[in-house]
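Side chains are part of it too, since the values below use all heavy atoms of this structure and drop only hydrogens, waters and symmetry mates. For clarity, every value in this text was computed on a predicted model and none was experimentally measured. Note on naming: letters A, B, ... go to the chains in the order of the sequence lines (proteins, then strands), and numbering restarts at 1 for each one.
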Amino acid sequence: MKQFYLLGRNTIATISGIGRAVILLLSALAHVPNPKKGFPLLLNQLYAVGVLSLVIIIVSGTFIGMVLALQGYTILVGYGAEASLGPMVALSLIRELGPVIAALLFAGRAGSALTAEIGLMKATEQLSSLEMMAVDPLRRVIAPRFWAGMISLPLLTAMFSAVGILGAHLVGVDWLGVDGGTFWSVMQSQVDFEKDILNGIIKSIVFAFVITWIAVFKGYDCDPTSEGISKATTATVVQSSLWVLSLDFILTALMFTK
Amino acid sequence: MSEILVDIRNMTFKRDERVIYDDISLSIPKGKVTAIMGPSGIGKTTLLRLIGGQLKPESGNIFFDGKDIPRLSRNALFETRKRMSMLFQSGALFSDMSVYDNIAFPIREHTNLPENLIEKMVLMKLEAVGLRGARDLRPSELSGGMARRAALARSIALDPELILYDEPFAGQDPISMGVIVRLIRSLNDALGLTSVVVSHDVPEVMGIADYIYIIAEQKIIGQGTPEQIAEQTSPLVRQFVNGESDGPVPFHFKAAPYREELIRKTAFTNRKGG
């Protein structure tokens with residue numbers, strides 16, 4: 001009997017949570033922005049969410065590109081196919097690893113920070129005091145953070161893939177001796193803008209939407225206590241990572257199967 | 001009695017299944033300092049949030065200058081909130097801004113005044129609370145008392161008609177307590193405000209309030225001027241005002257009989273052990 005009770009309670013809690021998250025997003029975004037006030041807020045958040053994530057994205061991207069080149073070379077060279085190293089690395093990064101790993105890193109770096117910041121604003125009554133000052137916290141706090149996430153992650157993903165390819169060049173061409181001209185020209189002929197690059201960008205936009213939405217909602221909806229904030233921060237990282245990985249499978253299935 | 005600014009009529013408020021207020025009515029006269037007192041945990045802060053429209057009552061009306069707060073549209077509520085302000089217990093200063101920017105915040109949000117005029121307004125508010133020298137400090141650099149004074153300066157930035165004080169004396173040393181007591185009274189009289197002070201600090205409240213409501217057990221158990229309150233004979237009011245540990249408000253939180261529980265606990269432990 002108790003199991004049924006718990007099942008029912010958890011189901012209702014989940015559904016009402018989804019409802020609250022949708023309402024939060026709609027009320028934060030359904031208004032005409034005031035560029036004079038909104039733009040400086042957006043710039044601040046682009047710095048906090050995007051620029052501050054640059055280091056982790058660039059360092060990880062470089063190393064992942066280097067590892068891919070190293071592993072790819074040792075396999076391809078056995079078939080005398082090391083000329084395909086360029087497209088192998090580029091396609092893996094642009095189609096899959098770039099969007100997914102950048103999204104996972106973004107969830108850990110920026111998503112958790114967003115949740116913790118908004119949660120702390122709630123716990124210290126800053127959100128309440130905004131409301132009492134007749135300033136809508138959804139527009140003032142949530143909206144700029146949401147848009148900053150939506151803009152930052154696709155750009156970070158592009159940088160991740162680009163530095164990954166450079167890292168692969170460093171290992172494959174400069175160290176292992178693959179011909180530089182072949183590396184770039186085969187990559188150019190094999191990578192298709194619409195099929196590969198555009199699909200990669202679409203993936204990163206979807207991931208940006210999911211991660212930022214989860215992050216701002218978890219912060220706004222958390223229990224205003226230290227325990228509540230820590231739970232919400234963990235939930236942001238765990239849930240966005242799971243969503244990113246499962247959505248990636250669905251998107252890949254839609255985009256790349258014939 | 002003078003004109004009424006906030007009028008609460010037959011208001012009932014529940015949190016989940018727990019009744020916080022059961023059909024209470026009270027009115028807050030314009031230009032006066034009205035205090036709401038009562039033991040911790042009975043929802044005094046909740047009352048302020050109800051007046052500010054952050055919570056909605058189960059039934060009843062909350063009129064602010066004739067407007068029924070719970071029934072206002074979102075836009076109308078935000079317009080009405082421009083005429084009131086609230087001093088939160090924590091101060092709730094924005095931690096990413098300096099004291100100056102915190103106080104300029106509501107002015108910048110709601111007016112299109114030029115920056116040099118805003119600066120003059122902010123300096124006047126800071127002078128009123130004695131913190132002009134702290135304009136460039138961050139909220140994290142302020143002591144608890146200073147943070148509350150800075151928050152007070154922010155809450156009077158747009159010259160509201162009503163200020164709601166949430167536990168303004170809690171956790172203050174005697175000096176900053178004295179400062180805040182003086183500020184509440186002098187701001188109220190100098191700016192012609194209406195103040196609602198929620199507190200359980202009996203001597204401070206008795207010192208500044210014009211009218212006092214004492215709330216306990218979901219109801220108003222006593223009301224009157226400080227002199228009338230001091231003379232009330234109701235045991236509940238007497239217990240609160242004199243700070244007695246036991247009385248009509250019991251020392252023990254509601255629980256099963258002590259003896260029964262001890263026996264039951266033992267039985268449970270035995271069962272677990274065996």
Side-chain angles (χ1 to χ4, degrees), chain A residues 9 12-13 16 23-24 26-28 30-49 52 113-114 116-145 148 219-220 223-226 229, chain B residues 45-46 48-55 64 69 72 74-97 101-112 139-140 144 147-148 150-152 154-158 160 162-167 196:
Chain A
R9 198 182 64 172
I12 291 171
S16 77
I23 291 171
L24 170 98
L26 292 182
S27 356
H31 68 103
V32 186
N34 174 348
K36 206 178 135 209
K37 279 175 184 160
F39 192 64
L41 290 175
L42 180 65
L43 274 188
N44 274 341
Q45 289 310 317
L46 279 174
Y47 176 78
V49 170
L52 292 183
L114 281 178
E117 190 193 13
I118 298 171
L120 205 60
M121 288 180 85
K122 185 176 182 184
T124 52
E125 297 179 314
Q126 294 182 41
L127 296 182
S128 274
S129 79
L130 276 174
E131 269 188 18
M132 285 304 294
M133 278 187 248
V135 177
D136 188 346
L138 296 177
R139 294 181 189 180
R140 167 90 202 181
V141 176
I142 304 294
R145 282 166 176 76
Y220 194 77
D223 278 339
T225 58
S226 37
I229 296 171
Chain B
T45 305
T46 306
L48 296 187
R49 289 184 188 274
L50 283 160
I51 296 175
Q54 290 190 310
L55 297 172
F64 172 80
I69 295 279
L72 288 179
R74 193 175 165 78
N75 286 340
L77 178 64
F78 271 72
E79 278 308 307
T80 310
R81 277 187 189 152
K82 289 181 189 168
R83 298 171 55 196
M84 50 170 96
S85 77
M86 181 156 167
L87 180 68
F88 288 84
Q89 193 173 349
S90 59
L93 292 167
F94 302 125
S95 39
D96 56 343
M97 296 179 193
D101 287 326
N102 259 288
I103 293 152
F105 179 83
I107 310 176
R108 287 182 182 142
E109 278 294 318
H110 293 309
T111 67
N112 285 318
S140 56
R148 213 162 289 180
L152 183 54
R154 186 178 66 180
S155 56
I156 56 168
L158 284 175
L162 171 73
I163 298 197
L164 308 165
Y165 294 93
D166 184 13
E167 299 283 3
V196 180

Electrostatic pair Arg49(B)-Glu125(A), nearest N-O below 4.0 angstrom: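 Answer for the salt bridge query: yes.
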Spacing of CG belonging to Asp166(B) relative to OG belonging to Ser128(A), to within rounding of 0.5 Å: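 The OG atom of Ser128(A) is 10.0 Å from CG of Asp166(B), to the nearest 0.5 Å.
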Choice from Asp96(B), Leu164(B), Leu158(B), Leu93(B) maximising heavy atom contacts with chain A below 4.5 Å: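 Highest number of pairs under 4.5 Å: Leu93(B).
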Trace of the side-chain contact (heavy atoms from CB on, under 4.5 Å) decision for Met132(A) with Ser85(B): CA-CA 6 Å; Met132(A) 285 304 294; Ser85(B) 77; over 6 Å; no
Heavy-atom pair with the smallest gap, counting every atom of Glu131(A) and Phe78(B):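 Shortest heavy-atom contact: O-CE2, 4.5 Å.
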Options Arg140(A), Met121(A), Lys36(A), ranked by heavy-atom pairs under 4.5 Å with chain B, top entry: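 Between Arg140(A), Met121(A), Lys36(A), the count favours Arg140(A).
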Residue part contacting chain B, namely of Ser129(A), when any heavy atom lies under 4.5 Å: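 Both backbone and side chain of Ser129(A) come within 4.5 Å of chain B.
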Test ring pair (Phe, Tyr, Trp, His ring centres under 6.0 Å) applied to Tyr220(A) - qualifying residues, sequence neighbours left out: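 For Tyr220(A), no residue satisfies ring pair (Phe, Tyr, Trp, His ring centres under 6.0 Å) once neighbours in sequence are set aside.
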With sequence neighbours excluded, residues passing ring pair (Phe, Tyr, Trp, His ring centres under 6.0 Å) with Tyr47(A):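 By the ring pair (Phe, Tyr, Trp, His ring centres under 6.0 Å) rule, Tyr47(A) matches no residue at all.
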Close side-chain approach of Leu130(A) to Phe105(B), heavy-atom, < 4.5 Å: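 Of all side-chain heavy-atom pairs linking Phe105(B) with Leu130(A), at least one is under 4.5 Å.
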Residue among Met84(B), Arg154(B), Met86(B), Arg81(B) satisfying side chain to side chain contact (heavy atoms under 4.5 Å, CB included) with Met133(A):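 It is Arg154(B), the one option of Met84(B), Arg154(B), Met86(B), Arg81(B) that forms the side chain to side chain contact (heavy atoms under 4.5 Å, CB included) with Met133(A).
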Side chain, backbone, both or neither of Ser95(B) within contact of chain A (heavy atoms, under 4.5 Å):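 Both backbone and side chain of Ser95(B) come within 4.5 Å of chain A.
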